[in-house]
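Structure record follows, encoded as structure tokens.
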Amino acid sequence: MRIHDTLTRKTVELVPREPGRITMYVCGVTPYASAHVGHARTAVVYDLLKRYLRHAGYVVTHVSNYTDIDDKIIRRAQEQGIAPLDLSARYIGEYLEDMAALNVLPPDITPRVSESIQDIIDLIGRIVANGYAYVSSDGVYFSVRKFSCYGRLSGRSVDEMRSGARVEVNEAKEDPLDFALWKLAKPGEISWDSPWGKGRPGWHIECSAMSLRHLGAGFDIHGGGEDLIFPHHENEIAQSEAALGGQQFVRYWMHSGMVNMGGEKMSKSLGNVMTVRELLEQYPGQVVRLYLLQTSYEKPLKFNISGFGQAFTTYERMAEFEAFLQELGQVSHEGLEPEFESTCSSFLGEFDASLADNLNTSRALASVYEFMTRVRRTASERLLGGSEASRALEVFRSALWVLGLDQTNDYMGHKSSLLAGKQHALMAVAAEVGVAADDHNSTSDLLDTIVMKRRVAREAGQYDVADQIRERLRGVGIALEDGVDGVRYRIHG
RNA sequence: GGCGGCAUAGCCAAGUGGUAAGGCAAGGGUCUGCAAAACCCUCAUACCCCGGUUCGAAUCCGGGUGCUGCCUCCA
């Protein structure tokens, strides 16, 4: 497959360090608040990458960290009067729930900074020994000017930055560009022992330590949001290669685009945030995921809540299509028409090729939609055989799995919970159309009885009664569809 | 101030030299008791503006305009 590499600024063929095997490290979250849509996007993008690579036959090792100790966590924990690691543990728990709802597969390894201190100390030791760092009054700092390639990833030069007005001023540094590898603890702060005194890791060192620890020098893909390019990833390269003594740190760098809200980047510090949890109250996780996959992963995504309504309609179409094939597939039948088989296999070919092209999800989704239309068209022209339906279902599901949109039961579950929420409204409808509402123990029983009453009326030719019932139900968000094999319903909030 | 990115129909969005994918919405039709769903048809002489290169440009180059990212914590 081809991917866009941030370092070379080119879209290149992905050639792994070891044939058939991909090692990837994705910068995870600093868990001091609920995850927002931007975090969700990044997680979904790299989850898609992993799924696609596995689908393409690679053995993938995916590492993603939690930066569970940092200044913001410490401050937030102090405000709440709890231990920093308790605070981060709580938000890690939330994050896991949110990601599960989005059908993000758990990474293979999820190291935490607080559990990687020894690796971090060892790495700093190597950097110091190689002469790229120095000990100062409040910690250990990396000497940026000693690393000649500094600025290559983010495309800036040390001298340009020096003239910039916004570099941090700190008298403990030899140069304003230097950054902390180890911060000595102030009284009362959480700390770990180190050769340089009690303290905690600086912001960037943990990712170098954890990625090298679990994947080794020269691993394949390092990813994250594009806001991490500078300084985080720039610093990671500098310190890692300083420690590795000239060996390459990472083969390919990938960065996912930001989510914008109100014309600005969504971020916790700006406060223009929609959390994943808030969104999941309104839409099934699969709909949220589909929304996120509609835009190419590198482009900024303009968050717009009305887009979720569109995504909902589209996901509904997918879920109904799957149900349609599943029903047809029950009937056993003779073989496939060659033409039908070629529809299925060329769909998969087009789908794979789209994702192999730097994860072109828009095109991959277009091929899914076209496939649905083709199969439906065939079904409307002649009866689709059971084996054909099964084959179509097989390829359709494999595509949905790669996209992580295979949890159609999520949509169905959403449907039934919506229905349960309509208890009250349905009782009113029952009363209006003359159905006794008392002796039904569930909302769906009640709906069934109403639908039955309508069916009787229809069969008796009393269309005015039947239509009235249908209109009443539509009024409460339940749309009935009369098919040849019975009544189906769609339900909306 | 420095270094980037983006601008395609009402909305979302692909396409990066060969004559505008796909989805939503909208309009018409088939089917249906009527609907819905499904299917069929229609829906950008045109890709922010002005120049240039080319047989040919949404795609390349130059200049504008607008929006935006990073340079500070950030996914």
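Keep in mind that this is a model prediction, so the values were computed, not measured. All values below come from the heavy atoms of this structure, side chains included, with hydrogens, waters and symmetry mates left out.
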Phosphate oxygens OP1/OP2 of [N]: is one of them under 4.0 Å from a side-chain N or O of [X]?
| X | N | value |
| --- | --- | --- |
| A:K265 | B:A75 | no |
| A:S256 | B:A75 | no |
| A:K302 | B:U68 | no |
| A:S296 | B:A14 | yes |
| A:R458 | B:G33 | no |
| A:R75 | B:C73 | no |
| A:N360 | B:G15 | yes |

Pick base, sugar-phosphate or nothing for [X], based on heavy-atom distances below 4.0 Å to the nucleic acid.
| X | value |
| --- | --- |
| A:G307 | nothing |
| A:V259 | base |
| A:S354 | nothing |
| A:G263 | sugar-phosphate |
| A:H255 | nothing |
| A:L365 | nothing |
| A:R317 | sugar-phosphate |
| A:R490 | sugar-phosphate |

With a 3.5 Å cut-off and heavy atoms only, can you find an N or O donor on one side and an acceptor on the other between the side chain of A:Q310 and the base of B:G23?
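Result: at least one qualifying N/O pair found.
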Side-chain (A:R41) to main-chain (A:L293) donor-acceptor, under 3.5 angstrom:
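Side chain of A:R41 to backbone of A:L293: no pair is present.
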Identify the nucleotide, in any strand shown, that forms a Watson-Crick or G-U wobble pair with [N], with both distances under 3.5 Å; if there is none, say none.
| N | answer |
| --- | --- |
| B:G69 | B:C3 |
| B:A26 | B:U42 |
| B:G51 | B:C61 |
| B:U16 | none |
| B:C31 | none |

What integer number of Å spans the [atom1] atoms of [N] and [M]?
| N | M | atom1 | value |
| --- | --- | --- | --- |
| B:G4 | B:A38 | C1' | 47 Å |
| B:A26 | B:A44 | C1' | 15 Å |
| B:A25 | B:A36 | P | 13 Å |

Within-4.5 Å side-chain heavy-atom neighbours: A:L359 and A:H4:
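Not touching, per the 4.5 Å side-chain cut-off.
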When rounded to the nearest 0.5 angstrom, what distance separates OH in A:Y315 from CG in A:L405?
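Output value for this atom pair is 6.0 Å.
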Closer than 4.0 angstrom, basic N to acidic O: yes or no for [X] and [Y]?
| X | Y | answer |
| --- | --- | --- |
| A:E174 | A:K146 | no |
| A:D138 | A:K173 | no |
| A:K415 | A:E320 | yes |
| A:R488 | A:E327 | yes |

Which word best sums up how the rings of A:F179 and A:H204 line up, parallel for under 30°, tilted for 30 to 60°, or perpendicular for over 60°?
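Perpendicular, since the angle between the ring planes exceeds 60°.
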RNA chain B contacts among residues 225-235 of chain A, heavy-atom distance under 4.0 Å
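Residues of residues 225-235 of chain A under 4.0 Å from RNA chain B: A:G225, A:D227, A:L228, A:F230.
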